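This report refers to the structure that appears directly beneath it.
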Amino acid sequence: MEALQECVGEKLPLDERGGRMSVEVDLLLQEAKESIEAAQNYRSELQQRLNGLNQARKQVRGSSGQAREALRRHFTELQAAAGRLLTERLATLLAEVDAIEADSVKPLDDCQSLIEHGVSQADELLKEGEAALRCGLGEKEDKLGSFTKKAMHIHLDSLPEVPALVDVPCVSAQLDDSLLGMLRDRVSRLGSVSAHPPVQIDELQERPGSVLARWCKVDEDFAAADYRLQYRRSGSGGGQFEDAYIGRDCEFLVLHLDPHTDYQFRVCARGEGRTEWSPWSIPQTGYTTLAPHEWCPGTEGYILSSRKNIALRNDSSQARYPILYSNAPTYFCGQTLTFKISAAGQVDRRDSVGVCVDSRKGAESLQRDQAVCISTNGAVFVNGKEMTNQLPAVTVGSAVTFDMEVVNLFPVSNNNLSEGGNFKLRVTIGSGNREVVFDWLVDQAVDCLFFGCSFVHSGWKVLVF
């Protein structure tokens, strides 16, 4: 008990108590700062979510307003067009009635005029005959003779023929009441309102000087026959959307894009047996930071397009070394490099397209060390050696693709040096519906590669992307 009282009654030195209080204050200050920072982050996150909600509400209200305007405009135009068509049809039918009436009444009017003329002549003859009967004996003979001659001239026994009612038109209008039923049925199925477009942009993947757009259906009940992809520059000066692709595929590589520039992409679909396109998807923004693939300008024996992505082999007699390399090592592992053959010349076994570590001068073909390539006859060469596997021959319209991934990030054992390399890349070359996969050993670690083509004869034209 005494020991407990001593402990309770014991007082800590002032410096020690002050130091402990300082530590506690520092801890409280640290906790307060952390709480303030957490509150700021929390408020920032909530603010971002509020902004997201505002954008969502703006999209709902804006799209609803646009949908209402589109419906009103379409049905107003449809009503006006239907009214014009009905008015025009009514005018046509009334004109037909007028024509039938005019053609039918004219002979009746002519017959009526003839009968009325006969009635008038008969009246005059009756009057003259009655006068002849009432005259004296001295005049009776002359007047009766004149009356008899006139009666013979009129042909009192000849009467005009009046058509029977069955022989004259009885105009009627035939109206098909089924039109209203068909119209009601078609109108009941006219138009539709959906909360979401049937297709949406699924992925925008940057490629050198291009963007690979992928899309997918979000409405599984929608049977799509074709898709339509459009794009434009973002911002006020972007202009109108332009068609990039129309077809059945669900991805497309949009070429000729400027790096570090935002572009908007949207897609729609057309249903089976339909002519109209579905509503557009919500525009998605994509861009590429990768410079476009370009051929090296000034290479003897080749002509380049303005964008330097198309090369034409020409004047083969003057070029001693017919290899055209890329302007820089712009191919990175993990990308897909594509060569598209749009024209072909005479075939030579040294003709090749492929990828290489360097752009050395003096070689006669890409079929050399530190390069992988495919020849125009489909043979695959790795470091100058032909593989046993072979791809289809390269012709006009062929697309040859190269895909690479790093297998060894660090040099392998020295035993592999005698095998030609200490850095391994897994290469996939595709052509037609076939592909070959192999490991490529190079002398040094590389993160970017050159590409090239070599054609002995003129006429070959190749696009790279």
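Just so it is clear, the structure is predicted and the values come from calculations on it, not from any experiment.
Once rounded to the nearest 0.5 Å, the distance linking CG of Leu449 with CE of Met404 reads 5.5 Å. Taken from CD in Glu300 to CG in Asn314, the straight-line distance is 9.5 Å, to the nearest 0.5 Å. For the atom pair CG (Leu71) and CG (Leu190), the distance works out to 9.0 Å, reported to the nearest 0.5 Å. Annotation: the span from Glu294 atom CD to Cys296 atom SG amounts to 10.0 Å, rounded to 0.5 Å. The distance from the CZ atom of Arg350 to the CD1 atom of Ile323 is 10.5 Å, given to the nearest 0.5 Å. The distance from atom CZ of Arg307 to atom CG of Asn309, rounded to the nearest 0.5 Å, is 7.5 Å.
Checked by atom type and distance alone, the side chain of Ser188 pairs as donor or acceptor with a backbone atom of Asp185 at under 3.5 Å. Side-chain atoms of Ser104 do not come within 3.5 Å of backbone N or O of Glu101 as any donor-acceptor pair. With hydrogens and angles disregarded, no donor-acceptor distance shorter than 3.5 Å links the side chain of Asp219 to the backbone of Pro197. Side chain of Gln370 to backbone of Asp443: a donor-acceptor contact under 3.5 angstrom is found. Remark: side-chain polar atoms of Arg266 are not paired, donor with acceptor, to backbone N or O of Trp280 under 3.5 angstrom. Of the possible polar contacts, none joining the Ser375 side chain to the Arg349 backbone as a donor-acceptor pair under 3.5 Å is found. Of the possible donor and acceptor atoms, none in the side chain of Arg232 sits under 3.5 Å from a partner among the backbone N and O of Glu242.
Between Ile201 and Ser281 the shortest heavy-atom distance is CG1-OG, 4.0 Å. Taking every heavy atom of both residues into account, Phe241 and Gln264 meet most closely at CE2-O, 3.7 Å. Smallest separation of non-hydrogen atoms from Cys111 and Glu161: SG-O, 3.7 Å. Smallest separation of non-hydrogen atoms from Ala291 and Pro208: O-CB, 3.2 Å. Contact detail for Ser326 and Ala328: the closest heavy-atom pair is OG-O, 2.8 Å. Closest of all the heavy-atom pairs between Leu324 and Ala311 is CD2-CB, 3.3 Å.
Side chains of Gln284 and Ile282 form a contact here, defined as non-hydrogen atoms less than 4.5 Å apart. Side-chain contact between His260 and Thr289 is present, with heavy atoms from C-beta onward closer than 4.5 Å. Contact check for Gln390 versus Val380: no side-chain heavy atoms found under the 4.5 Å cut-off. Looking at Asn327 and Pro297, their side chains come closer than 4.5 Å, going by heavy atoms from C-beta outward. Taking the side chain as every heavy atom from C-beta outward, Cys453 and Cys373 never approach each other to under 4.5 Å. For the pair Lys424/Trp440, no side-chain contact is recorded, criterion being any heavy-atom separation below 4.5 Å from C-beta on. Using a 4.5 Å heavy-atom threshold, the side chains of Val355 and Tyr331 count as touching. Considering only heavy atoms from C-beta on, Leu337 stays 4.5 Å or farther from Phe332 through its side chain.
No donor-acceptor contact under 3.5 angstrom links the side chains of Glu435 and Thr428, judged on distance only.
Under a cut-off of 6.0 angstrom, the local environment of OH in Tyr287 is sparse, with at most 12 non-hydrogen atoms contributed by other residues, nucleotides or ligands. Around CG of Asp26, the count of heavy atoms belonging to other residues, nucleotides or ligands within 6.0 Å exceeds 12. Residue-environment remark: CZ (Arg426) stays at or below the threshold of 12 foreign heavy atoms within 6.0 Å. In this structure, Leu165 places its CG atom where only 12 or fewer heavy-atom neighbours from other residues, nucleotides or ligands lie under 6.0 Å away. For CZ of Arg49, the number of neighbouring non-hydrogen atoms (other residues, nucleotides, ligands) closer than 6.0 Å is 12 at most. Annotation for Arg274: atom CZ does not count as buried by contact number, only 12 or fewer foreign heavy atoms lying within 6.0 Å.
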Verdict with supporting geometry, Tyr227 and Lys217, side chain to side chain contact (heavy atoms under 4.5 Å, CB included): CA-CA 10 Å; Tyr227 298 99; Lys217 290 196 307 178; 3.5 Å; yes
Chi angles and distances behind the side chain to side chain contact (heavy atoms under 4.5 Å, CB included) call for Asp439, Val427: CA-CA 6 Å; Asp439 289 340; Val427 182; over 6 Å; no
Derivation and outcome, side chain to side chain contact (heavy atoms under 4.5 Å, CB included), residues Trp277 and Ile246: CA-CA 11 Å; Trp277 292 99; Ile246 297 178; 4.0 Å; yes
Leu179 vs Met182, side chain to side chain contact (heavy atoms under 4.5 Å, CB included): CA-CA, chis, key distance, verdict: CA-CA 5 Å; Leu179 176 62; Met182 291 189 298; 4.3 Å; yes
Contacts table for residues 34-44: side-chain donor-acceptor under 3.5 angstrom, sequence neighbours left out:
{"residue": "Glu34", "atom": "OE2", "partner": "Gln30", "partner atom": "NE2", "Å": "3.3"}
{"residue": "Ser35", "atom": "OG", "partner": "Glu31", "partner atom": "O", "Å": "2.9"}
{"residue": "Asn41", "atom": "ND2", "partner": "Glu37", "partner atom": "O", "Å": "3.3"}

Distance-only check: which donor-acceptor pairs under 3.5 Å involve side-chain atoms of residues 394-403, not counting sequence neighbours?
{"residue": "Thr395", "atom": "OG1", "partner": "Ser398", "partner atom": "OG", "Å": "3.4"}
{"residue": "Ser398", "atom": "OG", "partner": "Thr395", "partner atom": "N", "Å": "2.9"}
{"residue": "Ser398", "atom": "OG", "partner": "Thr395", "partner atom": "O", "Å": "3.0"}
{"residue": "Asp403", "atom": "OD1", "partner": "Thr336", "partner atom": "OG1", "Å": "2.4"}

What pairs of donor and acceptor atoms, side-chain ones from residues 247-258 against any protein atom, are under 3.5 angstrom apart with sequence neighbours left out?
{"residue": "Arg248", "atom": "NH1", "partner": "Ala225", "partner atom": "O", "Å": "2.9"}
{"residue": "Glu251", "atom": "OE1", "partner": "Arg214", "partner atom": "NE", "Å": "2.8"}
{"residue": "Asp258", "atom": "OD2", "partner": "Arg233", "partner atom": "NH2", "Å": "2.2"}

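Partners of Gln55 under the side chain to side chain donor-acceptor pair (under 3.5 Å) rule, at least two apart in sequence or in another chain, do not exist in this structure. The salt bridge (Lys or Arg N to Asp or Glu O under 4.0 Å) test applied to Arg207 returns no partner, not counting sequence neighbours. Among residues two or more places apart in sequence or in another chain, the salt bridge (Lys or Arg N to Asp or Glu O under 4.0 Å) test is passed with Lys385 by none.
The only member of Phe465, Trp295, Tyr325 that meets ring-ring contact (aromatic ring centres under 6.0 Å, His included) when paired with Phe451 is Trp295.
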